[in-house]
J.: 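To start, I am sharing the structure in question, which I have written as structure tokens.
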Amino acid sequence: MNGKKNLTSKSELEFIKTIHNTIIDHLNGKDKRLVRSLKTSDNFKSNINFSIDDPNDHQDIKILIDQYLESAVNTASPHFYNQLFSGFSVMGYIGEIITAITNNSMYTYEMGPMATLIEKELIKKMSNIIGYKDGFGTFVSGGSNANLIAMLAARDKINSKSKKSGLFKSKTLCAFVSEEAHYSFIKAGYQIGIGTDQIIQIQCDLKGHMDTDLLLYQIDKALSEGKTPFFVGATAGTTVKGAFDPIKKINKICKNFNLWFHIDGSWGGSVMLSKKHRNLIRGSESSDSFTWCAHKMMGLPLICSVILMKNKNILKKINNVSETDYLFHGNDHDGMDLGIYSLQCGRRVDSIKLWLAWKYYGDIGYEKRIDRLFDLAEYAQAIIEKSTSFKLISPVESLNICFQIQTKHLNKSEWNFLTNETRERLVNKGEIMVNYAMIEKQCCIRLIIVNFNLEKSHLNIFFKSIESISKKIIKENKTN
Ligand SMILES: Cc1ncc(COP(=O)(O)O)c(C=O)c1O
């Protein structure tokens with residue numbers, strides 16, 4: 001079929017085999033590897049030839065790959081608590097390989113037949129879980145992009161001419177999210193042409209939930225200033241505190257003012273898979289759109305995100321444009337050419353990794369895993385509450401645990417320094433990676449419980465390490 005020559009030459013296939021062996025060695029060694037390679041310190045930049053001018057042979061490329069693997073952050077480690085994702089997914093990895101070797105694209109059924117059917121199945125399943133009876137959606141390039149698309153849909157609802165004519169003659173549109181919401185909403189503010197000033201950030205209560213009295217106040221204020229409110233974005237699982245905004249109350253306000261109601265479940269959307277914890281998003285079916293990132297709490301490799309819409313027609317309305325007949329030939333009568341519903345043109349197959357993982361675990365497997373993460377978060381919380389050195393800075397509502405290191409041996413004003421310095425030294429040792437955040441001007445360690453391989457013993461080591469480093473710092477800095 002392809003003539004006499006193999007499309008992939010013998011030496012290329014040999015090279016792929018060699019790299020596959022490297023990958024297996026890498027996976028075998030993951031447990032023993034540091035989370036943060038010490039090779040990235042000192043002369044890291046100068047030890048690697050980054051220039052791309054001259055050709056290199058397979059051997060040179062192998063050396064570069066080894067250098068990359070050696071220096072990469074080991075996000076598979078249970079001691080990687082740094083981000084809202086952690087762990088290695090076998091099905092995710094296999095899905096990624098299949099995506100790469102087939103290199104299909106999601107715009108037309110012709111170009112990705114099974115991928116299209118897989119994506120449609122997942123979208124149907126995820127929409128049903130949210131409670132949309134006849135919903136629709138699409139895979140997107142991340143939670144941020146999903147939030148942007150939700151805002152575009154809301155803009156279309158309030159001003160259906162805006163797609164064609166822009167917002168030039170429109171009244172000022174404004175949107176509301178909580179002060180704890182993800183920064184992607186601010187970016188979406190300029191991307192959809194209303195400006196970042198029109199993303200009004202509503203204050204939260206001490207637990208990190210949007211204050212709905214203040215939401216009402218800000219909507220009234222905007223109306224009195226002649227603005228047109230059109231969108232409220234609730235967050236189901238905030239980035240720092242892991243808090244869940246009050247869905248039912250926000251929904252009521254949205255219905256009263258005819259506002260688009262979006263839920264950003266990038267982080268927390270996966271709790272819908274747990275009967276025990278899905279009450280955190282009770283009322284999700286009342287929303288107009290929902291962001292859900294499977295690369296976070298479902299453990300898949302980045303990126304694996306969807307935007308789901310209650311109105312199945314809206315994605316086509318906002319994304320379909322003319323001059324596309326070279327690609328969409330007008331013969332798609334079953335809605336199988338998914339490109340029509342997407343902001344992207346070429347789009348990688350992100351669905352297969354999620355489909356394989358979900359097929360493998362089943363609903364029950366995911367439910368168990370998510371319940372277990374919540375149990376581990378409770379365990380970590382109990383350690384902090386029992387300790388005289390650690391203090392929770394925000395109540396634990398899901399899988400984010402924000403705590404400060406406090407001691408009577410140092411002034412209160414030095415607790416921020418102590419917490420920050422402890423984290424810095426911990427991360428520099430390379431065995432554990434955890435991030436920090438500021439809450440009400442207090443520096444705290446943000447521990448994220450999301451790795452499916454995490455055990456209580458890892459958490460014991462985590463807290464012991466923090467304790468011993470902080471004790472050392474206290475000794476060095478004792479004020480009395
Ligand atoms: C609540 C929330 N929304 C949106 C995002 C953005 O998701 P992504 O990184 O996939 O763009 C994040 C990222 O952490 C998040 O925590």
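Counting starts at 1 for both ligands and their atoms, in listed order.
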J.: Does this structure show an ion pair linking D156 with K317, if we count only N-O contacts that are shorter than 4.0 Å?
T.: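 Yes.
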J.: Are the charged groups of K312 and D134 less than 4.0 angstrom apart, N to O?
T.: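 Salt bridge: yes.
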J.: Ignoring hydrogens and geometry beyond distance, is a side-chain donor-acceptor pair present between H209 and E397 at under 3.5 Å?
T.: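 Note: H209 and E397 side chains meet the donor-acceptor criterion.
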J.: Side chains of T138 and I307: does their closest heavy-atom pair fall under 4.5 Å?
T.: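 SC-SC contact between T138 and I307 confirmed.
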J.: Could you list, one pair per line, each nitrogen or oxygen of ligand 1 together with any protein nitrogen or oxygen closer than 3.5 Å, giving atom names and the distance rounded to 0.1 Å?
T.:
unit_1, atom_1, unit_2, atom_2, d
ligand 1, 3 (N), D264, OD1, 3.4
ligand 1, 3 (N), D264, OD2, 2.6
ligand 1, 3 (N), S266, OG, 3.3
ligand 1, 7 (O), K296, NZ, 3.0
ligand 1, 10 (O), G143, N, 2.8
ligand 1, 10 (O), H295, NE2, 3.3
ligand 1, 10 (O), K296, NZ, 3.3
ligand 1, 11 (O), G143, N, 3.3
ligand 1, 11 (O), S144, N, 2.9
ligand 1, 11 (O), S144, OG, 2.7
ligand 1, 16 (O), T239, OG1, 2.8

J.: Any pair with a residue in residues 263-293 that passes ring pair (Phe, Tyr, Trp, His ring centres under 6.0 Å), sequence neighbours left out, goes on the list, sorted by first then second residue, please.
T.: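 For residues 263-293: H277-F374.
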J.: Is the closest basic N to carboxylate O distance between E121 and K359 below 4.0 Å?
T.: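 Looking at K359 together with E121, the answer is no, because their closest N to O distance does not fall below 4.0 Å.
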